[in-house]
Amino acid sequence: MSEPASSPRHVVVIGAGIVGVCSALALLRAGFRVTLLERAAPGQGASFGNGAVIGEAAVVPVATPGLLRKVPGMLLDPRGPLALRWSYLPRIAPWLLRFAAASRPKRVEQISIALAALLAGSFAAFDRLLEMADAADMLRRTGWLCVYETEAGLEAYRPMLELQRRRGVSFDILNRDALREFEPALGPIFARAVYYPDVGYALDSLRLVQVLAAAFGRRGGTLKRAEAHGFEIGPDGPRAVLTEAAPVPCDAVVIAAGAWSKRLAAELGRAPPLDTERGYHVQFAAPGVAPRLPVYSTERGIIATPLEVGLRVGGTVELGGLKAAPNWDRARVLLEQAKRWFPGLRTEGHSRWMGFRPSMPDSLPVIGRSPRFANAIFAFGHGHCGMMMGARTGEIVAALLAGRDPGLDMTPYRADRF
Ligand SMILES: Cc1cc2nc3c(=O)[nH]c(=O)nc-3n(C[C@H](O)[C@H](O)[C@H](O)COP(=O)(O)OP(=O)(O)OC[C@H]3O[C@@H](n4cnc5c(N)ncnc54)[C@H](O)[C@@H]3O)c2cc1C
């Protein structure tokens with residue numbers, strides 16, 4: 001790997017999702033000149049429609065011991081939390097094999113430790129960036145509820161509660177009556193719940209990206225609407241980003257293009273096994289019910305968040321790549337569940353959305369230098385947790401380019417870990 005010629009001055013960040021805008025703002029604060037390159041408007045990718053939950057409790061990876069046994073049943077249930085476009089199976093098979101390998105108990109423990117290290121200080125990192133945006137009130141610290149429809153559902157999750165305990169996550173277990181009292185907006189279908197106090201959410205995932213992007217512009221950053229097609233590579237690594245218009249010269253580049261990062265990363269030395277877990281949401285602008293905190297069902301992979309723009313009910317996973325059209329039946333499942341969860345929910349005029357989680361098979365993002373060029377930083381693959389990890393990732397990216405210690409061991413997030 002070549003060493004940086006000198007401290008890079010002009011950094012081009014590719015992608016204005018939550019990871020890109022946080023990186024761009026943190027780089028600006030660190031003294032760099034920064035151009036943020038986005039082919040659409042900021043926040044139109046996965047960051048647009050997610051559950052907006054932010055917290056340090058998300059230390060359980062997606063692939064867990066025992067999950068693989070449940071997968072065939074899940075795939076046979078069209079209303080279940082997991083769907084596969086069968087035509088996409090040959091493409092995603094290598095990813096699935098790595099996903100299976102990541103579900104081994106020893107690996108799950110290691111991944112969980114790496115998730116916890118990255119999640120630690122998520123709120124504080126957001127507070128620092130939001131202060132630059134004069135938008136400290138964008139986050140609510142309400143805690144969140146994980147609900148279970150059966151006792152057996154909670155019992156099946158016990159080993160993961162133990163995993164969370166080992167990572168220092170605090171929680172309280174509620175029985176049916178305590179849950180009724182705690183969150184009266186929920187229907188009586190839930191037998192148990194786990195309340196995590198150290199969790200919160202952004203009032204609106206899109207607005208969060210927009211206020212950070214606006215602060216970036218106000219503080220001298222350049223937001224440029226263009227699609228990155230590739231790089232002009234010099235002896236020390238990328239020296240310009242190629243777009244449909246003129247090349248954008250750079251001393252360093254950050255790839256934060258979410259689920260679309262793989263091809264760009266390949267050009268800079270490594271194509272990590274990045275794929276997408278597609279997710280859906282339905283949103284109710286005037287829901288007529290008002291849960292006071294986000295509610296998540298582990299059994300169904302569905303999250304309901306009371307945003308300022310309405311009640312958003314989203315989640316589930318569809319493996320189908322970046323090109324296939326949405327399957328709106330998946331959104332209908334969310335609508336049905338929303339009605340079960342919240343009796344009295346008003347569904348008129350609801351909107352629906354599909355987005356592409358940028359997912360690595362081991363639930364850990366890629367953050368760090370390209371294995372080939374010291375002036376190319378990878379920051380993608382945050383899967384189910386990109387919103388909550390966005391600010392911390394941005395600060396780490398800035399520290400790496402400034403030659404500062406990012407404050408954690410970066411080995412688990414390396415692009416060449418597979
Ligand atoms: C249903 C659902 C619920 C979720 N809930 C949560 C949650 O509650 N909490 C949480 O933490 N996470 C959640 N997530 C995950 C989270 O949304 C993602 O991890 C996160 O948004 C990824 O951010 P990103 O910036 O990496 O990617 P994106 O937001 O997808 O941004 C990538 C950007 O790069 C741009 N781009 C791509 N290629 C190029 C190019 N060549 N040139 C220029 N621009 C380019 C795109 O236009 C896009 O704007 C959820 C996801 C889904 C789908």
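We use all heavy atoms of the structure for the numbers below, so side chains are in, but hydrogens, waters and symmetry mates are not. For ligands, and for the atoms within them, numbers begin at 1 and follow the listed sequence.
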Item to complete: Using the test salt bridge (charged side-chain N to carboxylate O under 4.0 Å, His left out), find all partners of Asp275 that sit at least two apart in sequence or belong to another chain.
Response: none
State, yes or no, whether a side-chain contact exists between [X] and [Y] at a heavy-atom distance under 4.5 Å.
| X | Y | answer |
| --- | --- | --- |
| Met360 | Val366 | yes |
| Met387 | Ser205 | yes |
| Leu174 | Val194 | no |
| Val289 | Phe284 | no |
| Pro326 | Tyr280 | yes |

Which option wins on minimum heavy-atom distance to [atom]: [options]?
| atom | options | answer |
| --- | --- | --- |
| atom 31 (O) of ligand 1 | Gly15, Ala257, Gly314, Gly17 | Gly17 |
| atom 37 (C) of ligand 1 | Arg39, Glu318, Met388, Arg263 | Arg39 |
| atom 14 (N) of ligand 1 | Asn50, Ile18, Ile255 | Asn50 |
| atom 3 (C) of ligand 1 | Gly51, Gly386, Gly394, Ser261 | Gly51 |
| atom 40 (C) of ligand 1 | Gly279, Ala228, Gly355, Pro365 | Ala228 |
| atom 49 (O) of ligand 1 | Glu38, Gln44, His281 | Glu38 |

Worksheet entry | Proximity to ligand 1 by part of Ile14, non-hydrogen separation under 4.0 Å | side chain
Response to the item:
Rounded to the nearest 0.5 Å, the CG atom of Asn50 sits from the CD1 atom of Ile18 at a distance of 8.5 Å
Do any nitrogen or oxygen atoms of [X] lie less than 3.5 angstrom from nitrogen or oxygen atoms of ligand 1?
| X | value |
| --- | --- |
| Ala46 | yes |
| Met387 | yes |
| Ala52 | yes |
| Tyr280 | no |

Practice prompt. In plain terms, say whether Arg192 and Glu149 are close enough for a salt bridge, that is, a side-chain N and a carboxylate O under 4.0 Å apart.
Written response: no
Worksheet item: Any Lys/Arg nitrogen of Glu318 or Arg85 sitting under 4.0 Å from an Asp/Glu carboxylate oxygen of the other?
Response: yes
Discussion item. Would Arg141 and Phe123 count as a cation-pi pair here, with the cationic atom under 6.0 angstrom from the ring centre and within 45° of the axis?
Written reply: yes
Worksheet item: Do the numbers put Arg292 on top of the ring of Phe182, so that NZ or CZ is under 6.0 Å from the six-membered ring centre and no more than 45° off the axis?
Response: yes
For ligand 1, which atoms sit closer than 4.0 Å to a heavy atom of [X]?
| X | result |
| --- | --- |
| Val19 | 24 (P), 25 (O), 26 (O) |
| Cys385 | 10 (C), 11 (O), 12 (N) |
| Trp260 | 30 (O), 37 (C), 38 (N) |
| Gly315 | 1 (C) |

I'd like to know if [X] contacts ligand 1, where contact means a heavy-atom distance under 4.0 Å to any ligand atom.
| X | answer |
| --- | --- |
| Tyr201 | no |
| Ala226 | yes |
| Ile303 | no |
| Gly383 | yes |

[atom] - nearest protein heavy atom and its distance:
| atom | value |
| --- | --- |
| atom 53 (C) of ligand 1 | Arg357 CG, 3.6 Å |
| atom 27 (O) of ligand 1 | Gly258 CA, 3.5 Å |
| atom 29 (O) of ligand 1 | Ser47 OG, 2.5 Å |
| atom 9 (N) of ligand 1 | Val53 O, 3.0 Å |
| atom 12 (N) of ligand 1 | His384 O, 2.9 Å |

Discussion item. Test of understanding: with ring pair (Phe, Tyr, Trp, His ring centres under 6.0 Å), list the residues that count as partners of His281, not counting sequence neighbours.
Written reply: Trp353
Worksheet item: Looking just at side-chain N and O atoms, do Arg300 and Gln337 make a donor-acceptor pair shorter than 3.5 Å?
Response: yes
Item to complete: Please work out whether the ring planes of Tyr296 and Trp144 are parallel, tilted or perpendicular, with thresholds of 30° and 60°.
Response: parallel
